[in-house]
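These notes are about the structure you will find just below.
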Amino acid sequence: MSSTRGFRGRSGPADPRLPPGQYDTGDDWPVLSAEVTPSLDTATWTFRVEGHVEQERTWTWDELRALPVDTYQGPIHCVTTWSKFAMTWRGISVDTLLAAARPRPGATHVLAFSHTGYTTNLPLADVTDGLAWVAWEVDGGPLPTEHGGPARLLVPHLYFWKSAKWIAGLRVLDHDEPGFWEERGYHDRGDPWLEQRYQGD
Ligand SMILES: Nc1nc2c(c(=O)[nH]1)N[C@H]1C(S)=C(S)[C@@H](COP(=O)(O)O)O[C@H]1N2
Ligand SMILES: [Mo]
C-alpha cells in the first residue's frame, strides 16, 4: 500500500493538517459576506485603535503602509467546513498597532469593527504575540475587494469569521462583548482544533 500513502481521498486517512470536520478547498476560495461588498477608497480609508488604551490612534492608508510589514504563511479555516492551505499574506502585525495605542491595565478583549458595520470579538491574547495582522496582500497580489480589500483582519488560528473583512479598527475593551455572528449563535472564541463552532461547543 506504500504507493497510496500520500493519497488523501474521501475514505482515506484524515489529513493531519485539517482540523476536525474540515475539508481542503484546494484552489477555490469561497466568498462569504453578510454585507454587500463595499467599495472603499484608500484616499479616505482609515484604521483606528480606540477604547481602553492610553492613546487612541488613527492611521491613514499611507501611514499604515509605512509601518513594518510582516508575513503569515499557512492555512485558514472557515466554520462552513472549508480550509485553505499554503496561503501567503502580508500586512501589519496587530502587535505593532496595539503598541502604538498602549492598552490600559485591565484590557482583556478587542471588538474588531469593519467599515460596513460588521463586528467580531476576540480575547486580547488571540490578537497579540504574532497571532493577528491587518493584511492587504494575499498570494502576491492585492487583497480582492470581495475578500475584504483594501485590508482585512487576519486571525488564522481561529475560524475565519474572526477575520473581519474591510477592517476599520479595533476597540480595546476591559470586558467581552459579542460581535455580529457571536450574537447569532457562533462560538465566542472559535478555535477550529477544538471545533468551537457554535455557542456551547
Ligand atoms: N465584514 C465582514 N467580514 C467577514 C464576514 C462578513 O460577513 N463581513 N464573514 C466572515 C466569515 S463567516 C468568513 S468565513 C470569512 C470569509 O472570508 P472570505 O469571503 O474572504 O472567504 O470572512 C469573515 N469576515
Ligand atoms: Mo465563515
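Residue numbers start at 1 and run along the sequence shown. Ligands are counted one by one from 1 in listed order, and the atoms in each one are counted from 1 as well.
- Trp82 counts as a contact of ligand 1, since one of its heavy atoms falls under 4.0 Å from the ligand.
- Of the N or O atoms in Pro30, one or more lie within a sub-3.5 Å distance of an N or O in ligand 1.
- Residue Ala164 has no nitrogen or oxygen atom sitting less than 3.5 Å from a nitrogen or oxygen atom of ligand 1, judged on distance alone.
- For Tyr118 and Phe113, the gap between ring centers reaches or exceeds 6.0 Å.
- When hydrogens are left out, the protein atom nearest atom 7 (O) of ligand 1 is Ala34 N, 2.6 Å; that is the closest non-hydrogen contact.
- The closest approach between a heavy atom of Ser163 and any atom of ligand 1 is below 4.0 Å.
- Distances between N or O atoms of His147 and those of ligand 1 include at least one value under 3.5 Å.
- Residue Glu35 has at least one nitrogen or oxygen atom sitting less than 3.5 Å from a nitrogen or oxygen atom of ligand 1, judged on distance alone.
- Of the heavy atoms in Phe180, none comes closer than 4.0 Å to ligand 1.
- At a heavy-atom cutoff of 4.0 Å, ligand 1 is contacted by no atom of Phe113, backbone or side chain.
- Scanning the protein for heavy atoms near atom 9 (N) of ligand 1, the closest one is Leu32 O, 3.4 Å.
- Backbone and side-chain nitrogen or oxygen atoms of Arg152 are examined, and one is located within less than 3.5 angstrom of a nitrogen or oxygen of ligand 1.
- The residue Tyr159 has no part lying near ligand 1, judged by heavy-atom distances below 4.0 Å.
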